[in-house]
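As the structure is a computational prediction, the values presented were derived from the model and not from experiment. Just the heavy atoms: all of them, side chains too, but no hydrogens, waters or symmetry mates, feed the values below.
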Amino acid sequence: QVALVESGGGLVQAGGSLRLSCAASGGTFSNYSMGWFRQAPGKEREFVASTDRSGGMIKYGTSGRGRFTIPRDNAKNMVYLQMNSLKPEDTAVYYCAASARYGLGTIEGWFDFWGQGTQVAVSS
């Protein structure tokens, strides 16, 4: 079992950047595929990005493609979400998720463990 803790959220102006971090503990980090999701008020949770165990394969959701990246550092048990060119519609709670499955997941049910989330607010 792995525990996930997100950090790095906050308030940023449109066009700015933020880097979210997700620290994993309690398991062998390189045995997990990782993902980021987000949930805006009144909306369903949305897939943002995922990476496989090695970081060699990555998939992005439509909302962040071209603006977000999802690097991971297996030596530090960390995965990040680098967000550039932020827009007000990126305002949401961002969640880190881990899966013991191989490959890339894009739906909530594919992931086994979740963090508590970190709030991102983008002002216009």
Which heavy atom of Val2 sits nearest to which heavy atom of Ala24, and what is that distance?
CG2-CB, 3.8 Å

What distance separates Met57 CE from Ser33 OG, expressed to the nearest 0.5 Å?
7.5 Å

Would you say that Ser21 contacts Glu6 through its side chain, given a criterion of any heavy-atom pair below 4.5 Å between the two side chains?
no

Between the side chain of Arg67 and the main-chain N/O of Ser85, is any donor-acceptor distance below 3.5 Å?
yes

Out of curiosity, Phe68 CZ to Ile70 CD1, how far, rounded to the nearest 0.5 Å?
11.5 Å

Salt bridge between Asp90 and Arg38, side-chain N to carboxylate O under 4.0 Å?
yes

Report yes if some heavy atom in the side chain of Tyr94 is under 4.5 Å from a heavy atom in the side chain of Gln119; otherwise report no.
no

Within the structure provided, determine whether Phe47 and Tyr60 are in side-chain contact (heavy-atom separation under 4.5 Å).
no

Hey, any chance Val79 and Leu4 share a hydrophobic cluster, counting ILVMFWY side chains that come within less than 4.5 Å of each other, even indirectly?
yes

Is there a side-chain contact between Leu86 and Asn84, using heavy atoms and a 4.5 Å cut-off?
no

What's the spacing between Leu81 CG and Thr51 OG1 if we round to 0.5 Å?
11.5 Å

Quick one: does NZ or CZ of Arg72 land under 6.0 Å from the six-membered ring centre of Tyr32, within 45 degrees of the ring axis?
no

Kindly give the heavy-atom pair with the smallest separation between Ser30 and Asn74, and that separation in Å.
CB-ND2, 3.7 Å

Could you state the interatomic distance from CE (Met34) to CG (Leu104), rounded to the nearest 0.5 Å?
13.0 Å

For Thr118 and Val93: C-alpha separation, side-chain torsions, deciding distance, then whether side chain to side chain contact (heavy atoms under 4.5 Å, CB included) applies.
CA-CA 5 Å; Thr118 184; Val93 177; over 6 Å; no

To the nearest 0.5 Å, what is the distance between OG (Ser7) and CG (Leu20)?
8.0 Å

Side chains of Trp110 and Arg101, heavy atoms from C-beta outward: is any pair under 4.5 Å?
yes

Might you point out which heavy atoms bring Pro88 and Ala14 nearest each other, and give the distance in Å?
CD-CB, 4.1 Å

Just by modelled atom types, is the Gly56 backbone N or O under 3.5 Å from a matching donor or acceptor in the Ser54 side chain?
yes

At what distance, to the nearest 0.5 angstrom, does CZ of Phe37 lie from CD of Glu108?
6.0 Å

Do Arg53's NZ or CZ and the ring of Tyr102 fall within the cation-pi criteria of under 6.0 Å and 45°?
yes

Heavy atoms, side chains only, cut-off 4.5 Å: are Tyr95 and Cys22 in contact?
no

Tell me whether Trp36 contacts the main-chain N or O of Tyr80 through its side chain, where contact means a donor paired with an acceptor under 3.5 Å.
yes

Can you give me the closest heavy-atom contact between Ser17 and Gln82, atom names plus distance?
CB-NE2, 4.0 Å

Ser99 (side chain) donor-acceptor with Phe111 (main chain) under 3.5 angstrom
no

Can you find a heavy atom in the side chain of Thr91 that is under 4.5 Å from one in the side chain of Val120?
no

Can you find a pair of side-chain heavy atoms, one from Trp114 and one from Cys96, that are under 4.5 Å apart?
no

